[in-house]
Amino acid sequence: MLTEERQNAILRELKEKGAVTVTGLSAELGISESTVRRDLQGLAAVGKLHKVHGGATALEVQNFASDEDDVPTKATKNISEKERIAKYAAGLIDDSDFVFLDAGTTTEKMIDYLDSKLKASFVTNGIVHAKKLISKGLRAYIIGGQLKLSTEAVIGAVAVNNLKQYNFTKSFMGANGITVSQGFTTPDTEEGLLKAEAVNRSYMSYVLADHSKFNRVFSVTFAPVEKACIITDSLPNPEFRKHTVVKEVEA
């Protein structure tokens, strides 16, 4: 196999898997490990991949976006993945917790998995979230501020100021995009400020995001990836594990 053919094969494997090992490529391509190492070094030198100990990872491909679906549209996407993520996240809440629950379709699904006898207290900026929480007999507070119709959320300066009186044990956040370099992002400046305040006022923060949110970038970063644990159905790039804790929820 010619050098160009080998290297193209390596890049195809990276595109599909996100990460490869020297041993795995050697077996897959039928070439020696020393040859694989030389090819990886050559590809890394021209900026085609990240060379790591024992293999390589794909470069972070970023999809810059500006549009945001409304709640009814979001609710029809990746339903089973969101259910698994929400169920796992709900299990992280204890009776002693004081929780911030961000507006969003996945965080809303968490409420379905909360025990009605749970003694935890909740603060939320989600209109539907607040209604569902009190319908289950759970203790809930909704912050005041500007209403945003498309996400059914309370946002704005007044909402951010409301959050300043609280200190949360845990926060569960939604995000429109996640990358290693830009962190957790959202398209709305005022919503981003509120998310940032909630994360900063939380002892532990979790971002609930299905696989479609990764490698997408929106205009406002509300936290670096190091500031929150990620709960997802599938992680497309193992590079994230170098920066934060990631939980992949199995089907």
Side-chain angles (χ1 to χ4, degrees), residues 1-65 77-89 91-92 106 173-185 204-218 221-251:
M1 187 182 292
L2 298 174
T3 301
E4 185 176 355
E5 292 175 322
R6 292 196 313 270
Q7 293 185 349
N8 285 336
I10 290 171
L11 292 174
R12 284 195 297 271
E13 287 288 303
L14 264 181
K15 183 177 180 181
E16 179 181 341
K17 300 177 180 178
V20 292
T21 64
V22 171
T23 303
L25 286 172
S26 176
E28 181 74 22
L29 303 179
I31 57 178
S32 69
E33 291 189 6
S34 60
T35 300
V36 173
R37 291 190 184 93
R38 285 198 300 272
D39 285 340
L40 293 181
Q41 288 171 353
L43 289 167
V46 295
K48 294 293 183 67
L49 52 75
H50 290 300
K51 182 76 173 64
V52 298
H53 180 70
T57 60
L59 297 175
E60 187 178 28
V61 178
Q62 297 179 354
N63 175 20
F64 287 85
K77 296 182 177 180
N78 303 314
I79 297 172
S80 63
E81 291 91 339
K82 290 177 180 178
E83 292 283 357
R84 299 203 307 271
I85 293 167
K87 183 177 181 180
Y88 179 86
L92 298 174
T106 308
M173 312 299 298
N176 297 80
I178 309 174
T179 65
V180 171
S181 53
Q182 271 79 23
F184 303 109
T185 58
M204 287 289 297
S205 290
Y206 302 89
V207 170
L208 282 53
D210 65 72
H211 63 275
S212 68
K213 304 297 179 65
F214 290 92
N215 299 325
R216 301 192 74 197
V217 179
F218 286 79
T221 294
F222 65 87
V225 290
E226 293 83 1
K227 288 282 286 185
C229 302
I230 300 172
I231 305 175
T232 186
D233 61 298
S234 178
L235 184 67
N237 189 339
E239 184 75 12
F240 285 92
R241 296 191 187 277
K242 297 179 181 178
H243 301 273
T244 192
V245 174
V246 180
K247 171 62 180 178
E248 290 181 272
V249 184
E250 297 180 356

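We number each residue from 1, following the sequence as shown.
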S.K.: Show the numbers, then the answer: is there a side-chain contact (heavy atoms from CB on, under 4.5 Å) between Ile10 and Glu13?
M.R.: CA-CA 5 Å; Ile10 290 171; Glu13 287 288 303; 5.7 Å; no

S.K.: Answer whether the closest heavy-atom distance between the side chains of Met204 and Cys229 falls below 4.5 Å.
M.R.: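 Side chain of Met204 against side chain of Cys229, heavy atoms only: contact under 4.5 Å found.
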
S.K.: Hey, could you give me the CD/CG distance between Gln41 and Leu49, rounded to the nearest 0.5 Å?
M.R.: 10.5 Å

S.K.: Using only atom types and a distance under 3.5 Å, with no angle test, would you say the side chain of Thr185 pairs donor to acceptor with the backbone of Val217?
M.R.: no

S.K.: Indicate every side-chain donor-acceptor pair of residues 244-251 with a distance under 3.5 Å to a residue at least two apart or in another chain.
M.R.:
from: Thr244; atom 1: OG1; to: Val225; atom 2: O; distance (Å): 3.4
from: Thr244; atom 1: OG1; to: Ala228; atom 2: O; distance (Å): 2.7
from: Glu248; atom 1: OE1; to: Arg241; atom 2: NH2; distance (Å): 2.5
from: Glu248; atom 1: OE2; to: Leu235; atom 2: N; distance (Å): 2.8

S.K.: Distance from Asn215 atom CG to Phe240 atom CZ, nearest 0.5 Å?
M.R.: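 Result: 5.5 Å between the selected atoms.
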
S.K.: Nearest 0.5 Å, please: how far is CZ in Phe184 from CG in Asn176?
M.R.: 12.5 Å

S.K.: Using only heavy-atom distances, determine whether the side chains of Ser34 and Ser32 contain a donor-acceptor pair under 3.5 Å.
M.R.: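 Judged by distance alone, the side chains do pair up.
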
S.K.: Does the pair Leu25 and Leu40 meet the rule for a side-chain contact (heavy atoms from CB on, under 4.5 Å), with working shown?
M.R.: CA-CA 10 Å; Leu25 286 172; Leu40 293 181; 4.1 Å; yes

S.K.: Working to the nearest 0.5 angstrom, can you tell me the gap between Lys82 NZ and Ile85 CD1?
M.R.: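 Nearest 0.5 Å value for the NZ-CD1 distance: 9.0 Å.
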
S.K.: Quick check for you: to the nearest 0.5 Å, what is the distance between Leu29 atom CG and Gln7 atom CD?
M.R.: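 Going from CG on Leu29 over to CD on Gln7, the span is 11.0 Å.
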
S.K.: Is any side-chain N of the basic residue among Glu83 and Lys87 closer than 4.0 Å to the acidic one's carboxylate O?
M.R.: no

S.K.: With distance as the sole test, does Ser26 use its side chain to make a donor-acceptor pair with the main-chain N or O of Ile31 at under 3.5 Å?
M.R.: yes

S.K.: Measuring from atom CZ of Arg84 to atom CD1 of Ile231, what distance do you get when rounded to the nearest 0.5 angstrom?
M.R.: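 One finds 13.0 Å between CZ of Arg84 and CD1 of Ile231.
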
S.K.: Where is the tightest heavy-atom contact between His243 and Glu239, given as atom of each residue plus distance?
M.R.: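 Looking at all heavy atoms of both residues, the shortest contact is CD2-O, 3.2 Å.
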
S.K.: Is the backbone of Ala175 close enough, under 3.5 Å, to the side chain of Lys213 for a donor and an acceptor to pair up by distance?
M.R.: yes

S.K.: Hydrogens and angles aside, do Arg38 and Thr35 bring a side-chain donor and acceptor to less than 3.5 Å of each other?
M.R.: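 A pair is found: one side chain offers a donor N or O, the other an acceptor, under 3.5 Å apart.
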
S.K.: Can you name the nearest heavy-atom pair linking Thr232 to Phe214, along with the distance?
M.R.: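 Reported closest heavy-atom pair: OG1-CE1, 3.4 Å.
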
S.K.: So, Asp233 side chain and His211 main chain: donor-acceptor pair closer than 3.5 Å or not?
M.R.: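 Yes: the side chain of Asp233 pairs with the backbone of His211.
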
